[in-house]
Every structure is written in structure tokens, then in C-alpha cells.
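Below is one structure, written out as C-alpha cells; comments come after it.
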Amino acid sequence: MENQQLIPQLGFGTYGRNDKEGIDAILCALETGYRHLDTAQTYDTEFETGEALRRSGIARSEVFMTTKISTDNFGEGKLIPSLEKSLEAMHIDRVDLTLIHWPAPNGAIALEVYLSQIAEAQEKGLTRLIGVSNFTIALLQQAEAIIGKGRIINNQFELNPLIQNKKLADYCQRNDILVTCYLPIARGTLSGDPVLSSIAGNHAATVEQVIIAFELANGYCAIPTSSRAERIRSNFAAGELQLKQEEIALIETLDRNQRTIDPDWGPEWD
């Protein structure tokens with residue numbers, strides 16, 4: 001996949017990483033080696049993300065930064081000013097990737113309205129790349145019809161062993177749309193799973209490391225987060241873990257289509 005080369009596969013999610021503790025956690029992630037930070041307008045962590053980067057002393061060009069446009073900013077003429085505010089909060093001139101965070105709730109705003117604005121933001125140089133989050137196959141197809149093939153380079157959606165979203169993930173990969181997994185370790189709920197525990201034991205690894213390694217092996221991006229330095233470092237070490245094909249096949253049997261994030265106003269999932 002061409003687009004797989006554009007985004008570091010292992011990123012650090014910033015949801016919940018607010019205030020001083022949040023800055024410290026993001027700074028720890030950067031010091032650990034993460035070079036991909038994922039924030040969003042609704043997380044209220046854009047300032048913390050930019051401040052951690054500034055304090056790290058790492059060159060801006062070395063860190064891939066993603067933000068997401070809130071559904072509140074989809075209206076005509078609203079998206080670009082909102083992205084400019086995000087850049088101001090992060091103290092950067094351009095974000096690497098801007099995503100539409102969710103399709104408009106209940107389709108209240110036409111897809112054309114906000115997709116045309118995010119495409120314009122890219123043309124203006126406010127963002128290097130554009131993508132979406134929580135988009136179904138049907139919505140991806142509509143997006144392509146509106147702004148052209150190849151513009152949407154990323155789709156971020158819930159994916160972990162309990163909800164592997166294979167139909168959507170396979171569609172994305174066939175169409176060179178990089179998959180980013182949110183809730184990649186299922187909020188730690190799989191720590192006692194016997195299959196994952198057995199595989200972890202084979203590698204002297206944690207269950208969370210096995211899950212992240214599984215996602216990376218499939219060619220996805222994963223953006224785990226934590227406030228704890230030891231967990232931040234442990235998750236990053238998953239990038240070195242190589243699973244056997246039979247172990248990957250075992251993890252695939254854990255799929256329960258068990259979705260955690262499912263608002264009433266969300267799309268009709270695949």
C-alpha cells in the first residue's frame with residue numbers, strides 16, 4: 001500500500017491526555033520514540049499535543065500530527081476557520097493529516113458541504129493529507145465521488161480483536177486507504193483472555209503488546225494511549241514483536257463484532 005508509507009504505523013493517542021499530566025504523558029511518548037501523535041478538536045488536547053512537541057525539542061518535521069474536525073464545524077464556511085484555530089492551539093503552521101471525525105449526525109449536513117471544505121483546506125496548505133474517521137464503505141464511495149479518487153488516504157475506526165471490522169478494513173486496503181485502529185487494545189479489557197495470554201507467554205510479552213503487534217502485522221496503524229510511563233513504553237515496544245502466522249489466525253477467531261463506540265446518531269455500520 002502506497003499510503004502505508006506516509007503515516008508511522010504506531011502512534012500515540014491523546015484522548016484523555018489533558019492538562020499537565022497530559023503534556024507529561026505525550027512528552028513521555030515522544031521521548032520513548034513515538035513519532036505520530038493523534039489528537040482531535042473534541043478531545044481538547046490540541047494545546048497539550050503541541051506543547052509536548054515544543055518541550056521535546058524534536059523537530060516539527062520529524063513528528064506526524066493528526067487532528068480531526070468536530071461535527072460542530074461542518075457547516076458552510078466553518079471547517080477552515082476551525083482548523084486554523086487547531087493549528088494555533090498546536091503552534092504549528094500545518095497538520096500532517098486532518099480527518100472528518102464522524103459523518104454528520106443523522107446526515108443533517110450534506111457530505112458535499114464538509115468534504116469540499118476539507119479538500120479546500122488541503123489545497124490551502126493547512127493540512128498535508130486528508131482522511132475520515134468512522135466512515136462506512138458506502139460513505140467512502142460517496143466521498144470518492146465528491147472529491148475524487150485517492151484524496152481520502154486514511155479511515156480511522158474502532159478495531160481490536162473483539163471488533164475486527166474485516167469487511168470495512170479489507171475494502172480500505174483494496175482501495176489504498178490506510179486503516180487506523182482506535183481503541184486498539186480495547187481499553188485493557190482483554191488482559192485475561194486465555195488465547196492472548198498464551199500467545200503473550202510465548203513471547204514474554206504483555207497481552208496489549210500482542211494485540212498491537214497483531215494490528216501492525218495486518219498493515220494497520222494503531223494509536224494506543226496511556227497516562228502511565230511504563231505502559232507508554234511497553235506499548236511502543238510492541239513494534240518489535242513479530243507474531244507467527246498461526247498466532248495471527250488464532251487472534252482472528254476472537255472477533256465478536258463487539259463495538260464500544262456506537263452513538264445513536266452514528267452511521268449504519270458495515
Side-chain angles (χ1 to χ4, degrees), residues 1-9 11 36 38-42 64-80 82-83 86 94-159 163-182 215 218-223 257 259 261-263 265-270:
M1 277 182 66
E2 180 185 341
N3 286 334
Q4 196 172 332
Q5 311 307 315
L6 297 175
I7 306 177
Q9 257 193 295
H36 171 186
D38 180 275
T39 184
Q41 292 175 343
T42 57
F64 189 97
M65 299 179 77
T66 299
T67 196
K68 309 179 198 75
I69 304 293
S70 164
T71 58
D72 291 338
N73 295 319
F74 285 178
E76 196 72 58
K78 293 181 72 174
L79 189 149
I80 286 175
S82 81
L83 181 54
S86 294
R94 180 176 74 163
V95 74
D96 294 288
L97 174 63
T98 302
L99 305 178
I100 295 296
H101 203 157
W102 284 87
N106 302 314
I109 298 176
L111 206 53
E112 292 88 344
V113 172
Y114 50 97
L115 284 177
S116 63
Q117 290 181 84
I118 199 172
E120 184 183 350
Q122 184 181 33
E123 289 153 11
K124 284 179 173 289
L126 300 176
T127 183
R128 185 160 63 91
L129 304 165
I130 60 175
V132 294
S133 181
N134 299 299
F135 266 45
T136 60
I137 292 171
L139 286 167
L140 289 170
Q141 291 170 338
Q142 291 172 47
E144 180 182 299
I146 292 166
I147 62 171
K149 190 172 179 62
R151 294 291 294 275
I152 300 295
I153 70 110
N154 183 224
N155 188 16
Q156 183 176 131
F157 50 91
E158 186 174 354
L159 197 156
I163 179 162
Q164 296 179 33
N165 252 317
K166 284 292 286 178
K167 184 179 179 183
L168 178 56
D170 289 349
Y171 176 86
C172 288
Q173 291 191 312
R174 287 195 308 271
N175 288 276
D176 202 26
I177 299 170
L178 184 61
V179 171
T180 297
C181 313
Y182 74 68
E215 291 155 359
N218 277 315
Y220 309 149
C221 280
I223 47 169
N257 196 33
R259 191 179 301 278
I261 308 296
D262 191 13
W265 47 261
E268 291 293 324
W269 302 110
D270 292 303

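- Within the model, atoms CD1 of Ile152 and CD1 of Ile118 stand 6.5 Å from one another, a figure rounded to the nearest 0.5 Å.
- Residues Leu83 and Thr67 meet the side-chain proximity criterion, which asks for heavy atoms closer than 4.5 Å.
- In plain terms, the two heavy atoms of Arg128 and Leu6 that are nearest each other are NH2-O, 4.2 Å.
- Between the OH atom in Tyr114 and the CH2 atom in Trp102 there is a gap of 12.0 Å [rounded to 0.5 Å].
- Residues Pro267 and Thr136 come closest through the heavy atom pair CB-CG2, 3.9 Å.
- Taking a 6.0 Å sphere around CD of Glu268, one finds it holds 12 or fewer heavy atoms contributed by other residues, nucleotides or ligands.
- At a threshold of 4.0 Å, the pair Asp72-Lys78 does not count as salt-bridged, since none of the basic side-chain nitrogens sits closer than that to a carboxylate oxygen.
- Using modelled atom types, one finds no donor on one side chain facing an acceptor on the other under 3.5 Å when comparing Asn218 with Gln164.
- Between the side chain of Gln156 and the backbone N or O of Cys181 there is no donor-acceptor pair closer than 3.5 Å.
- Rounded to the nearest 0.5 Å, atoms CD1 (Ile177) and OH (Tyr171) are 6.0 Å apart.
- Side chain of Ser82 to main chain of Asn73: no donor-acceptor pair is present (N/O by atom type, distance under 3.5 Å, no hydrogens or angles).
- Looking at Leu97, Val132, Leu178 one by one, the single match for side chain to side chain contact (heavy atoms under 4.5 Å, CB included) with Ile153 turns out to be Leu97.
- The shortest non-hydrogen separation linking Pro103 to Trp265 is O-CZ3, 4.4 Å.
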Next on the checklist: For Leu99 and Thr180: C-alpha separation, side-chain torsions, deciding distance, then whether side chain to side chain contact (heavy atoms under 4.5 Å, CB included) applies.
Outcome noted: CA-CA 11 Å; Leu99 305 178; Thr180 297; over 6 Å; no
Next on the checklist: Run Ile69 and Gln117 through side chain to side chain contact (heavy atoms under 4.5 Å, CB included) and show every step you take.
Outcome noted: CA-CA 11 Å; Ile69 304 293; Gln117 290 181 84; over 6 Å; no
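- A donor-acceptor contact shorter than 3.5 Å links the side chain of Gln41 to the backbone of Ser70.
- Scanning all heavy atoms of the two residues, the minimum distance from Cys172 to Phe157 falls at SG-CE2, 4.2 Å.
- Judged by distance alone, with hydrogens and angles left aside, the side-chain atoms of Asp270 form a donor-acceptor pair with the main-chain N or O of Ile137 at under 3.5 Å.
- Lys68 places a side-chain N or O within 3.5 Å of a backbone atom of Thr39 that can act as its donor or acceptor partner.
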Next on the checklist: Walk me through whether Asn165 and Arg259 qualify under side chain to side chain contact (heavy atoms under 4.5 Å, CB included).
Outcome noted: CA-CA 10 Å; Asn165 252 317; Arg259 191 179 301 278; 4.0 Å; yes
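- Every residue two or more places apart in sequence or in another chain that forms a side chain to side chain contact (heavy atoms under 4.5 Å, CB included) with Glu144 is listed here: Lys149.
- To the nearest 0.5 Å, the span separating CD on Glu120 from CD1 on Ile147 amounts to 12.5 Å.
- Between Ala169 and Leu159, the shortest heavy-atom contact is CB-CD1, 4.2 Å.
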Checklist entry - Yes or no on side chain to side chain contact (heavy atoms under 4.5 Å, CB included) for Ile261 and Tyr182, after CA distance, side-chain angles and deciding distance? => result CA-CA 10 Å; Ile261 308 296; Tyr182 74 68; 3.8 Å; yes
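- A donor-acceptor distance shorter than 3.5 angstrom exists from the side chain of Asp96 to the backbone of Met65, with no hydrogens or angles considered.
- Closest of all the heavy-atom pairs between Val95 and Thr98 is CG1-OG1, 2.9 Å.
- In this structure, Leu111 CG and Ser116 OG are separated by 9.5 Å, a value rounded to the nearest 0.5 Å.
- Asn257 and Trp269 share no side-chain donor-acceptor pair at under 3.5 Å.
- Expressed to the nearest 0.5 Å, how far CG of Leu168 lies from CG of Leu140 amounts to 6.5 Å.
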